[in-house]
Structure formats: structure tokens, C-alpha cells
Amino acid sequence: MKTFDVMDEAPTSRFHRKLLIACCGGPFLDGYVLSIIGVALVGIKADLMPSSAEVGLIGAASLIGIFFGATLFGALTDRIGREKMYALDLTVLVGGCVLCIFVQEAWQLIVLRLIIGLAIGADYPIATSLLTEFTPTKKRGFMIGLTGVSWSVGAAFAYIVGAVIVGATGGHEQWRWMLGTAAVLGVVVVLARRGIPESPRWLLNKGRVAEAESVIMTVYGRKLDLTDQEPDETGSKKASFGAILRGGYLKRTVMCGTLYLAQITPQYALLTFLPVILAGFAISDAGSAGLVVETVIIVLFAVGCLPALRWVETVGRRKMTIIPFAVMAVPLAALWLIPDGPVWMIVVAFCVYAFASGGPSILEWIYPNELFPTEIRATAVGAAVGISRIGAATGTYLLPISIDALGIGPTMGFGALLTLSGFIVCFAWAPETAGRSLEETSALAPNPHRTHRSATTVSLD
């Protein structure tokens with residue numbers, strides 16, 4: 001059938017650009033909120049004097065919140081829809097960031113970071129599922145990949161803002177206002193999301209045919225009669241968390257979760273504790289030179305995503321997952337085996353890792369959205385994010401403890417081994433999905449009873 005031809009083959013419009021900006025706002029805020037704490041930690045440690053365990057919790061609390069927010073609200077999003085919580089989740093984030101300005105104790109900051117993480121975690125499956133279900137086939141990898149880029153841009157922007165505040169005030173004493181700047185950005189994103197409709201795919205899947213027709217008419221200017229279309233397969237039965245743990249979807253869940261975990265765990269630890277890590281390599285975080293090095297490394301996380309956006313469509317999803325993982329393991333292994341190497345080697349190693357991470361950084365957003373059908377898409381995205389945040393929270397909490405107990409070299413070794421595990425799992429299970437419709441990429445096998453169109457593969461320029 002041709003129910004979704006209008007959406008799959010539509011040219012990029014003003015609506016798509018607005019939706020893209022609105023959906024990228026959540027990942028941008030995630031990268032910003034996570035990274036600004038890394039700059040603020042210097043002032044937090046001097047002001048609140050937290051213990052090593054509290055420092056770890058300050059870094060890990062938002063990741064724990066993201067785990068619960070993504071896992072719980074991903075499944076809820078598949079049940080009640082993408083639109084209902086699209087702005088509410090970030091409103092909670094804004095409130096949490098405002099309250100950070102007034103904290104006086106370490107435990108207060110930990111609680112607020114947990115709440116902020118819950119809001120960010122909820123936004124992942126909501127925003128990316130909505131973007132995926134509206135995006136034309138030929139632009140899907142690029143547009144979903146931009147959400148990954150926006151995460152890295154948010155992280156880089158946080159370090160730039162932090163450096164500006166430190167430079168203007170002469171120190172890290174204004175760390176509360178650093179954290180509070182995220183509230184201003186959050187308000188901008190909430191306003192940008194006004195007027196975004198519900199996904200027609202989700203509406204049709206739930207049998208809300210008239211509403212799906214109305215959205216398609218409003219967005220695409222095409223009047224379709226969908227009254228003879230039944231909900232997508234047995235959507236009401238599949239819309240459960242257990243659906244992603246059965247049959248071929250279990251393998252996909254493990255692959256997506258491992259990809260996300262292996263990419264994000266070392267990256268989150270770097271972004272949260274980069275000044276501490278560089279200090280462990282005898283690169284001071286106290287002077288302006290240290291801040292310049294930190295900012296360059298963080299910016300490279302974003303820059304590395306830019307060529308990957310093109311390559312995921314031309315080279316393919318699979319190659320842009322496994323090749324970068326192999327490259328990323330090399331500098332981490334070098335830092336493990338030669339922790340007392342020259343400063344230039346250490347800086348180059350971090351820069352190579354940051355740039356090479358571009359491929360997995362955007363594939364961790366693309367794969368979960370492409371490999372699962374509408375009725376469990378947000379659930380799968382939430383599960384992949386949740387799996388990744390278990391590792392990220394554990395790694396972020398243990399990193400300062402590991403540096404103190406084992407040293408910087410062995411700590412980098414754990415990152416190298418984790419990156420290699422991502423390479424192995426993706427080499428074994430990561431499929432190629434470029435140029436295929438969502439109905440094709442999410443199907444486990446051709447189904448003669450499937451009501452949706454099976455699009456021909458789209459050739460790419």
C-alpha cells in the first residue's frame with residue numbers, strides 16, 4: 001500500500017526544518033547539562049567540599065536519571081503518544097536548572113541532577129521517535145544523525161560558556177550561574193516545540209485514522225482516505241517492553257544497547273571529568289592553556305560528527321559503526337600502555353578519539369529508531385539509552401575512584417576494552433539500513449500479510 005509514500009518521498013520542507021531544530025534541542029541540552037558540570041566541578045569542590053563519593057554522584061546523578069527517564073517514559077510514549085510529553089519533559093528540566101542556582105549542599109545538587117536527568121531521559125525516545133516518523137527516507141540518516149551532532153555541539157558550547165565565565169570572573173566561583181545557564185537554553189527549546197503535531201504513523205497504529213489524515217493534510221497538503229486501513233499489525237499487543245526482548249528484536253536491542261554503552265561511557269566520563277583526567281596526565285586544569293586543550297578536545301567530538309552525517313548515507317550505517325570503533329580503541333590503548341608519554345602524544349590521543357567517535361555518536365541515535373516498528377520504537381530507544389546510562393553512570397561514578405586507586409593508565413585501559421567490545425558486537429550484528437523505508441528496516445523478515453508498502457531501495461547521490 002502507499003499510506004506513507006507522502007511522508008517517505010516528501011521533499012524537505014519548512015515543517016521538517018522546524019521539527020529538526022525542535023527535536024535537536026533535547027540532545028543539545030543533554031550535552032550542555034552534562035558538560036557544564038565538568039567545568040563547574042572545580043568551583044563546586046572548592047565551595048561545597050564534597051567527598052570523593054559525592055563528586056562521583058554529582059557526575060553520575062544525571063546519568064542515573066536518564067536511565068529511569070528513558071526506560072520508563074520510552075514505553076509510556078509508545079502507549080500515549082509522542083506529542084503529550086514533548087514540551088512537559090523539558091519544562092521540568094528548566095525548573096531543575098533554575099534551582100541549581102540556589103544549592104548550598106552537595107546532596108541538593110545530586111538530587112537536582114537526578115531530576116534533570118529524568119527529564120532528559122524522557123526526551124530521548126519522545127523527540128527522536130517523532131523525528132524519525134516524519135522524516136523522508138533519503139534524509140532520515142542525516143536528520144536523525146543531526147540529533148547526535150547537536151549533543152556534541154551542546155557539550156562543546158558548555159565548555160565555551162564555562163571558559164567565558166571563568167575568564168570574565170577570574171575563577172570558578174560562579175559555578176551556580178554556570179549551571180543555571182541551561183535553564184535559558186531550555187526555555188528556548190520549549191518555545192521552539194510549540195505547534196508540533198502527533199506522528200501520523202503512531203495515530204494510524206492506534207486506529208485514530210481521522211487524526212492521522214488531518215495531520216497529513218496539515219503538514220503535507222495531501223488529502224488521504226485511510227478509513228480502510230487497520231492499525232499496523234497487532235500494535236496494541238506489541239506495545240510493551242517485553243516486545244523488544246523477544247525473537248529477533250532481542251538481538252537488535254543488545255546490539256543497539258552495546259553500541260550506545262561502548263560509545264557513551266568513555267565519552268561521558270571524559271566530558272564530566274576531563275580537567276581531572278588531564279591533570280592525571282600532568283596537564284594542569286588551572287590555567288588558560290588547560291582550558292584551551294579541554295575546549296579543543298570537546299569541540300572535536302562535534303566536528304567528528306560532521307563528515308559522518310554524509311558517510312552514513314554514502315558509505316553506510318554498518319561501516320560507519322565498526323570502523324570508527326576500531327580507530328577509537330587505538331588512542332585509549334596508547335594512553336593505557338604509555339600513561340607517562342609526552343604531552344603532545346596525550347593531547348593527540350584524546351583528539352583522535354574525539355574525532356573518530358563521530359560515527360558511533362550519530363549511529364547510536366539512528367539504529368534504535370530504524371530497527372524497531374512504530375508500536376515499540378520509543379520503547380526500544382528508551383531501552384538503548386537506559387542500557388548506555390547504566391554503564392555511563394557506573395563509569396562516571398567510578399572514574400575518580402579508579403584514578404585515585406589504580407592510576408590514570410589502567411583507567412584508560414578499561415575504556416579501551418569497552419570500546420573493543422562495541423566493535424565486536426557491532427561487527428557481528430549491525431545491519432545495513434541506508435536507503436530503506438522504516439517498514440523495511442524495522443521488519444525482521446518479509447511478511448506477506450504486512451499492510452504497509454515495501455519501498456524500493458533509494459539510490460544515493
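All of these numbers come straight from a predicted model, not from anything done at the bench.
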Derivation and outcome, side-chain contact (heavy atoms from CB on, under 4.5 Å), residues Phe350 and Phe355: CA-CA 9 Å; Phe350 279 118; Phe355 184 80; over 6 Å; no
With a 4.5 Å limit on heavy-atom distance, are the side chains of Phe28 and Val153 in contact? yes
Between Ser150 and Thr147 (side chain of the first, backbone of the second, donor and acceptor by atom type, cut-off under 3.5 Å), is there such a pair? yes
Given side chains that start at C-beta, do those of Tyr249 and Phe372 come closer than 4.5 Å, heavy atoms only? yes
Look up atom CE in Met320 and atom CH2 in Trp311, then write down how far apart they are to the nearest 0.5 Å. 6.0 Å
Is a side-chain donor or acceptor of His172 paired with a backbone partner of Ile165 at a separation under 3.5 angstrom? no
Whether Ser388 side chain and Val385 backbone form a donor-acceptor pair below 3.5 Å: yes
Tell me if a side-chain donor or acceptor on Thr132 pairs with a main-chain N or O of Thr128 at a distance below 3.5 Å. yes
Measuring from Thr321:OG1 to Leu363:CG, what's the distance to the nearest 0.5 Å? 3.5 Å
Can you confirm whether Leu371 sits close enough to Ser442 that some side-chain heavy atom of one is under 4.5 Å from a side-chain heavy atom of the other? no
Minimum side-chain heavy-atom gap Thr77-Val381 below 4.5 Å: no
With under 30° as parallel and over 60° as perpendicular, where do the rings of Phe157 and Tyr32 fit, or are they tilted in between? tilted
Distance, nearest 0.5 Å, that separates CZ of Arg14 from CG of Leu19: 14.0 Å
Between OG1 on residue Thr137 and CD on residue Glu439, distance to nearest 0.5 Å: 8.0 Å
Going from OG1 on Thr71 to CD1 on Ile390, what distance comes out if it is rounded to the nearest 0.5 angstrom? 7.0 Å
Among Ile36, Ile37, Thr169, which one satisfies side chain to side chain contact (heavy atoms under 4.5 Å, CB included) with Met178? Ile36
For Val327 versus Ala356, what's the shortest heavy-atom pair and its separation? CG1-CB, 3.8 Å
Output yes when a side-chain donor or acceptor of Arg318 lies under 3.5 Å from a complementary backbone atom of Trp429, and no otherwise. no
How would you list, by chain and number, every residue that makes a side chain to side chain donor-acceptor pair (under 3.5 Å) with Trp365, sequence neighbours excluded? none
What verdict does the side-chain contact (heavy atoms from CB on, under 4.5 Å) test give for Ile323 and Phe427, after you've listed the backbone C-alpha separation in whole Å, the side-chain angles of each residue and the deciding distance to 0.1 Å? CA-CA 9 Å; Ile323 294 175; Phe427 184 84; over 6 Å; no
Where Gly180 and Ile101 come nearest, the two heavy atoms and their spacing: CA-CG1, 3.9 Å
What I'd like to find out is whether the side chain of Ile120 reaches to under 4.5 Å of the side chain of Ser62, using heavy atoms alone. no
Exactly one candidate in Leu112, Ile115, Ile116, Val184 meets side chain to side chain contact (heavy atoms under 4.5 Å, CB included) with Cys97; the answer is Ile116
For Asp8 and Ser437, does a side-chain donor sit closer than 3.5 Å to a side-chain acceptor? no
Kindly check if the number of other-residue, nucleotide or ligand heavy atoms within 6.0 Å of CZ (Phe68) is above 12? no
Under a 3.5 Å distance rule, please check whether Tyr367 uses its side chain to pair with a backbone N or O of Pro431 as donor and acceptor. yes
Please check this pair: side chain of Glu313 against backbone of Gly141, looking for a donor-acceptor N/O pair closer than 3.5 Å. yes
Could you tell me whether a side-chain N or O of Arg140 sits under 3.5 Å from a main-chain N or O of Thr135, the two making a donor and an acceptor? no
Which residues pass the salt bridge (charged side-chain N to carboxylate O under 4.0 Å, His left out) test with Glu364, sequence neighbours left out? none
On a heavy-atom basis, which atom in Ala182 and which in Leu29 lie closest, and how many Å separate them? O-CD2, 3.9 Å
Give, for atom OG1 of Thr419 and atom CD of Gln267, the distance between the pair rounded to the nearest 0.5 Å. 10.5 Å
Heavy atoms only: give me the nearest Ala22-Ala192 pair and the separation to one decimal. CB-O, 3.9 Å
For Glu432, is there an ion pair with Arg436 - N to carboxylate O distance below 4.0 angstrom? no
Measure the shortest side-chain to side-chain distance between Arg310 and Val315 over non-hydrogen atoms and say whether it is less than 4.5 angstrom. no
If you look at every heavy atom in Leu438 and Asn369, which pair is closest and at what distance? CD2-O, 4.0 Å
Donor-acceptor check, side chain of Thr258 to backbone of Met255, threshold 3.5 angstrom: yes or no? no
May I ask you to test the Leu146-Leu20 pair for a side-chain heavy-atom distance under 4.5 Å? yes
Worked check of side-chain contact (heavy atoms from CB on, under 4.5 Å) between Leu309 and Ile362: CA-CA 8 Å; Leu309 284 174; Ile362 65 174; 4.1 Å; yes
Give the intermediate values and the outcome of salt bridge (Lys or Arg N to Asp or Glu O under 4.0 Å) for residues Arg208 and Glu198. CA-CA 11 Å; Arg208 294 161 61 175; Glu198 182 58 86; over 6 Å; no
Indicate yes or no: does Asp78 engage Lys206 in a salt bridge with an N to O separation below 4.0 Å. no
Smallest separation among heavy atoms of His16 and Ala10, with atom names: CE1-CB, 4.4 Å
Given side chains that start at C-beta, do those of Met328 and Val352 come closer than 4.5 Å, heavy atoms only? no
Verify the neighbour count for atom NZ of Lys139: are there more than 12 heavy atoms of other residues, nucleotides or ligands below 6.0 Å? no
For the side chain of Arg176 and the backbone of Val103, is there at least one donor-acceptor N/O pair under 3.5 Å apart? yes
Taking it one step at a time, do Thr181 and Trp177 satisfy side-chain contact (heavy atoms from CB on, under 4.5 Å)? CA-CA 6 Å; Thr181 55; Trp177 290 104; 5.7 Å; no
If we count only N and O atoms by modelled type, under 3.5 Å, do the side chains of Thr433 and Glu370 hold a donor and an acceptor together? yes
